[in-house]
Asks: 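Input: one structure, supplied below.
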Amino acid sequence: MAKKKLQGIVVSDKMTKTVVVKVESIKEHPKYKRRYKIHKKFKAHDENGQYHMGDVVVIEETKPMSKDKHFIVIKKV
């Protein structure tokens with residue numbers, strides 16, 4: 001099974017070796033066919049602390065590193 005890759009914006013870098021990334025996606029209502037945006041925040045591993053608030057990054061799914069953290073930052077866009 002392929003690993004998920006998501007693109008989002010770093011909204012917090014206050015934790016050590018962890019950043020919070022907000023990922024937006026567009027969904028369509030099944031009955032009314034109207035499109036709307038939803039967002040979800042993911043905690044991602046950042047080993048060297050090189051990503052900061054406002055950076056657009058790509059994150060990839062990995063094995064769980066802690067209770068909430070199961071993504072790793074791959075690159076800056």
Side-chain angles (χ1 to χ4, degrees):
M1 194 161 109
K3 294 180 181 181
K4 270 192 225 174
K5 286 189 180 180
L6 304 170
Q7 183 174 334
I9 300 171
V10 176
V11 293
S12 174
D13 61 346
K14 294 180 180 179
M15 293 175 275
T16 310
K17 296 186 179 185
T18 304
V19 292
V20 179
V21 179
K22 183 170 87 169
V23 176
E24 281 192 355
S25 62
I26 297 175
K27 290 215 168 191
E28 188 176 90
H29 192 279
K31 182 176 179 183
Y32 300 115
K33 307 300 181 196
R34 179 167 197 230
R35 292 190 202 108
Y36 58 96
K37 287 182 185 176
I38 63 162
H39 72 271
K40 185 163 181 172
K41 292 180 183 176
F42 296 100
K43 289 181 183 166
H45 187 67
D46 173 20
E47 183 65 38
N48 301 323
Q50 59 188 356
Y51 304 104
H52 302 288
M53 282 183 62
D55 292 345
V56 178
V57 295
V58 175
I59 58 175
E60 183 179 55
E61 194 174 28
T62 183
K63 64 179 184 151
M65 297 180 167
S66 67
K67 178 184 170 188
D68 296 327
K69 189 164 59 167
H70 52 272
F71 280 89
I72 188 167
V73 180
I74 300 297
K75 65 179 178 178
K76 187 175 180 180
V77 178

Asks: Could you tell me which residues satisfy salt bridge (Lys or Arg N to Asp or Glu O under 4.0 Å) with K43, sequence neighbours excluded, listed by chain and number?
Replies: D68
Asks: Consider only side-chain heavy atoms of I, L, V, M, F, W and Y, link residues closer than 4.5 Å, and tell whether V56 and V58 are in one cluster.
Replies: yes
Asks: List the atom pairs, donor and acceptor, that lie under 3.5 Å between side-chain atoms in residues 35-42 and the rest of the protein, sequence neighbours left out.
Replies:
none

Asks: Strictly by side chain to side chain donor-acceptor pair (under 3.5 Å), give each pair with a member in residues 4-14 just once, sequence neighbours left out.
Replies: D13-H52
Asks: Using the test side chain to side chain contact (heavy atoms under 4.5 Å, CB included), find all partners of K67 that sit at least two apart in sequence or belong to another chain.
Replies: none
Asks: By the rule that ILVMFWY residues connect when side-chain heavy atoms come within less than 4.5 angstrom, directly or transitively, which residues belong alongside M15?
Replies: V11, V20
Asks: Could I get the full list of ring pair (Phe, Tyr, Trp, His ring centres under 6.0 Å) partners for Y51, not counting sequence neighbours?
Replies: none
Asks: Tell me, please, which residues at least two apart from D46 pass side chain to side chain donor-acceptor pair (under 3.5 Å).
Replies: none
Asks: Working to the nearest 0.5 Å, report the span between CD of E60 and CZ of F71.
Replies: 9.5 Å
Asks: Under the rule for ring pair (Phe, Tyr, Trp, His ring centres under 6.0 Å), what residues qualify as partners of Y32, not counting sequence neighbours?
Replies: H29
Asks: How far does NE2 of H45 sit from OG1 of T18, to the nearest 0.5 angstrom?
Replies: 7.0 Å
Asks: Is it possible for you to say whether V19 and L6 belong to one hydrophobic cluster, with membership spreading through side-chain heavy-atom contacts below 4.5 Å?
Replies: yes
Asks: Could you tell me which residues satisfy salt bridge (Lys or Arg N to Asp or Glu O under 4.0 Å) with K22, sequence neighbours excluded, listed by chain and number?
Replies: none
Asks: Could you see if I74 belongs to whatever hydrophobic cluster contains M65? Use Ile, Leu, Val, Met, Phe, Trp, Tyr and a side-chain cutoff under 4.5 Å.
Replies: yes
Asks: Listed by chain and number, what are the side chain to side chain donor-acceptor pair (under 3.5 Å) partners of K17, not counting sequence neighbours?
Replies: E47
Asks: Are V23 and V73 joined in one hydrophobic group, where the rule is that I, L, V, M, F, W and Y side chains link up if heavy atoms are under 4.5 Å apart?
Replies: yes
Asks: Hey, is CD1 on I72 packed in by over 12 heavy atoms from elsewhere, all under 6.0 Å?
Replies: yes
Asks: Residues two or more places apart in sequence or in another chain: which of them pass salt bridge (Lys or Arg N to Asp or Glu O under 4.0 Å) with R34?
Replies: none
